[in-house]
Amino acid sequence: MCGIVGIYGYGPVNQSLYDAMTVLQHRGQDAAGIVTEEHGKFYLRKSNGLVRDVFHTRHMQRLTGDKGIGHVRYPTAGNSSSSESQPFYVNSPYGIVLAHNGNLTNADELAPSLFKSDLRHINTTSDSEVLLNALAHELQKRGKLKPTPDDIFAAVKGLHQRCRGAYAAVALISGHGMLAFRDPYGIRPAVFGKRTLADGRVEYMVASESVALDAGGFEMIDDVQPGEAIYVDKQGDLHRHQCVPSQVLAPCIFEFVYFARPDSIIDGISVYKARLRMGEVMARKIKREWPDHDIDVVIPIPDTSRTSALELANELGVKFREGFIKNRYIGRTFIMPGQQQRRKSVKQKLNPIGLEFMGKNVLLVDDSIVRGTTCEQIIEMARDAGARKVYFASAAPAIRHPNVYGIDMPAVTELIAAGRTDSEVETAIGADRLIYQDIDDLIQATQTSKSDVRQFECSVFNGDYVTGDIDEAYLSRLEERRNDKARQNRDPVDDSGLIDLHNDY
């Protein structure tokens, strides 16, 4: 999962990009990058690390220009090489930089064809570089020195015909404008907004989540629609075009469960309200299936599950308490590449408040259960803190299938619910009782009459991949790349020289 942002402005955009990326930091903590444009020249800074660590005063001073794009990344398939941090750049045609959130499901087939038929060299293993070169080739086919908006949109249409999977992207075309587009299913989020200056000129921002617009003082205009592209030309005029007919708006439901910030609105759906309703429908399930429950207190696993846990406690009529204190300087555990590092990080990240556990029957609430490593250790911590019984509730259904659309979940053999019944998972994590959300309840909780969303991408729960191009052969290749053994054997690349050359400082 990654975060993207692009700004077309009339003054320096480096600070606004930095601020937006800080707000989107939850979407990726492995690497960060910014490209700005001034007088047709790009200025780049990217490296591994958090936004605050990658960009120092000397870097910001060199990121000059009134247009720019930014990216926060976590490693896909465990690769944390800084050569795969974004944005990516190609010099032909025009000079293009691009930042991408998602995953191309046909990147392995597309990369060789880009080389053989389009004479384009792919320098990394990143599918985002494949996406950039596909866009560049489609623009080159137009053969225009000065592309019109229609040429830009025709190129995006050609890209849609070649690329499959999930992609929300923002790009700068040197000397011409800023482009953003979204895949025909709208799996990954993208919104755009405007900010009107005192002199009447309008600046535009594209971002993964609406909170980035809020932080920059931009007024939200709309979501980028599935299959749509938006283009801000050299004159600062905004153009919108439906490049391919939308198949069906099917955003990834895991955005609402876990990834997105609660104060974001995605495709007309408030993430905060969706999570409240997740807790509400979970409480109804408990009342229905366990009417004589003996839960004394509901405790969330911070931070994502807090909203759902609060409403669950209210609906059940039991106490809600903060039982764990979180160290906010430890990254999300399920994206860490090795099992040993994950196990170590859990106790570094959370510390229980014994007073809230001693002698009580505790219901712990988390947003989801992936490997089960974290919740198993948290249950042990609750028992060690004096809990009499420890129950566990997941605001999401059991995850039994791999994600292929940009979430770096583990290999299917490492998903604790894969091949296990709910009761077997309950035993494996050491809970006295395990309650999973039902998928129909999750969909009901996330949907709203104010949104056009009538379907969600739920493949991690039901194995139904909305793009229709995922078969067993693809999943087998994915399994080989994602398992912990493959990650541990993948040596990190020392490519600091490459980044220095790109940055020229």
Side-chain angles (χ1 to χ4, degrees), residues 253 256-258 273-302 304-324 352-353 355-400 415-447 458 460-462:
I253 204 165
F256 301 92
V257 169
Y258 176 73
K273 288 186 177 180
R275 290 179 184 166
L276 282 176
R277 291 191 293 266
M278 289 175 202
E280 183 180 338
V281 295
M282 174 68 77
R284 291 176 188 167
K285 178 177 180 177
I286 292 174
K287 288 179 177 179
R288 183 175 63 250
E289 298 185 359
W290 191 16
D292 57 344
H293 72 80
D294 57 352
I295 301 167
D296 296 318
V297 62
V298 172
I299 293 177
I301 311 301
T304 324
S305 65
R306 183 174 286 116
T307 308
S308 298
L310 178 60
E311 192 63 14
L312 188 155
N314 288 338
E315 189 74 15
L316 287 181
V318 301
K319 293 179 181 179
F320 172 87
R321 290 290 186 268
E322 296 284 353
F324 292 101
I353 300 173
L355 178 67
E356 299 298 348
F357 292 92
M358 186 62 64
K360 298 177 183 177
N361 296 335
V362 177
L363 175 63
L364 303 180
V365 181
D366 208 350
D367 51 75
S368 57
I369 303 172
V370 184
R371 282 184 172 89
T373 309
T374 300
C375 59
E376 179 185 0
Q377 291 185 71
I378 290 173
I379 289 168
E380 290 177 4
M381 291 166 66
R383 293 194 192 282
D384 291 343
R388 187 166 59 241
K389 291 183 180 178
V390 182
Y391 309 122
F392 204 95
S394 167
I399 298 173
R400 293 191 165 95
L415 296 172
I416 193 168
R420 286 189 174 101
T421 64
D422 292 356
S423 61
E424 288 172 335
V425 176
E426 178 182 285
T427 301
I429 65 175
D432 291 297
R433 185 162 187 150
L434 171 64
I435 306 103
Y436 273 119
Q437 186 86 269
D438 292 332
I439 190 166
D440 290 341
D441 286 345
L442 176 62
I443 292 171
Q444 174 194 339
T446 311
Q447 278 180 333
C458 301
V460 295
F461 307 125
N462 59 18

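We use all heavy atoms of the structure for the numbers below, so side chains are in, but hydrogens, waters and symmetry mates are not.
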Review item, side-chain donor-acceptor pairs of residues 385-392, under 3.5 Å, at least two apart:
unit_1	atom_1	unit_2	atom_2	d
Arg388	NE	Asn361	OD1	3.3
Arg388	NH1	Gly359	O	2.5
Tyr391	OH	Asp294	OD1	2.6
Tyr391	OH	Asp294	OD2	3.3

> Between Arg321 and Asp296, is there a salt bridge with N-O shorter than 4.0 Å?
Replying inline: no
> How far apart are the closest heavy atoms of Phe256 and Arg275, and which atoms are they?
Replying inline: O-NE, 2.7 Å
>> Could you check whether any side-chain heavy atom of Pro397 comes within less than 4.5 Å of a side-chain heavy atom of Leu442, counting everything from C-beta outward?
In response: yes
> What are the two closest heavy atoms between Ala274 and Thr446, and how far apart are they?
Replying inline: CB-CA, 4.1 Å
> Nearest 0.5 Å, what's the CG-CG distance between Leu363 and Asp432?
Replying inline: 11.5 Å
> Quick one: which of Val425, Ile435, Ile399, Ile369 gives a side chain to side chain contact (heavy atoms under 4.5 Å, CB included) with Ser394?
Replying inline: Ile369
> For the residue pair Lys360 and Leu355, what are the closest heavy atoms and their distance?
Replying inline: NZ-O, 3.6 Å
> Any sub-3.5 Å donor-acceptor pair from Arg371's side-chain atoms to Ile416's backbone N or O?
Replying inline: no
> Which pairs pass ring pair (Phe, Tyr, Trp, His ring centres under 6.0 Å) with one or both residues in residues 355-387, sequence neighbours excluded?
Replying inline: Phe324-Phe357
Please tabulate, for the side chains in residues 309-319, all donor-acceptor contacts under 3.5 angstrom to protein atoms that are two or more places apart in sequence or on a different chain.
unit_1	atom_1	unit_2	atom_2	d
Asn314	ND2	Leu310	O	3.4

> Do you know the tightest heavy-atom contact between Tyr258 and Thr304?
Replying inline: O-CG2, 3.3 Å
> Could you state the interatomic distance from CD (Glu322) to CD1 (Ile353), rounded to the nearest 0.5 Å?
Replying inline: 8.0 Å
> Any donor-acceptor pair under 3.5 Å linking the side chain of Ser305 with the backbone of Val365?
Replying inline: yes
> Can you name the closest pair of heavy atoms from Arg433 and Glu289 and give their distance?
Replying inline: NH2-O, 3.7 Å
> How long is the gap from CZ on Arg277 to OG1 on Thr307, to the nearest 0.5 Å?
Replying inline: 12.0 Å
>> Under a 3.5 Å distance rule, please check whether Glu426 uses its side chain to pair with a backbone N or O of Leu434 as donor and acceptor.
In response: yes
>> How close do Tyr436 and Ala396 get, counting heavy atoms only, and between which atoms?
In response: CD2-O, 3.5 Å
>> Looking at Ala417, is its backbone amide N or carbonyl O close enough to the side chain of Arg400 to form a donor-acceptor pair, meaning the two atoms are under 3.5 Å apart?
In response: yes
> Hey, mind stepping through Ile379 and Glu376 against side chain to side chain contact (heavy atoms under 4.5 Å, CB included) and telling me if it holds?
Replying inline: CA-CA 5 Å; Ile379 289 168; Glu376 179 185 0; 5.9 Å; no
> NZ/Lys287 to CG/Asp292 distance, rounded to the nearest 0.5 angstrom?
Replying inline: 14.0 Å
> About how many Å separate CD1 of Ile429 and CZ of Arg420, when rounded to the nearest 0.5 Å?
Replying inline: 10.5 Å
>> How long is the straight-line distance from CD1 of Ile299 back to CZ of Arg306, given to the nearest 0.5 Å?
In response: 12.0 Å
>> With a 4.0 Å cut-off on N to O distance, would you call Asp440 and Lys285 a salt bridge?
In response: no
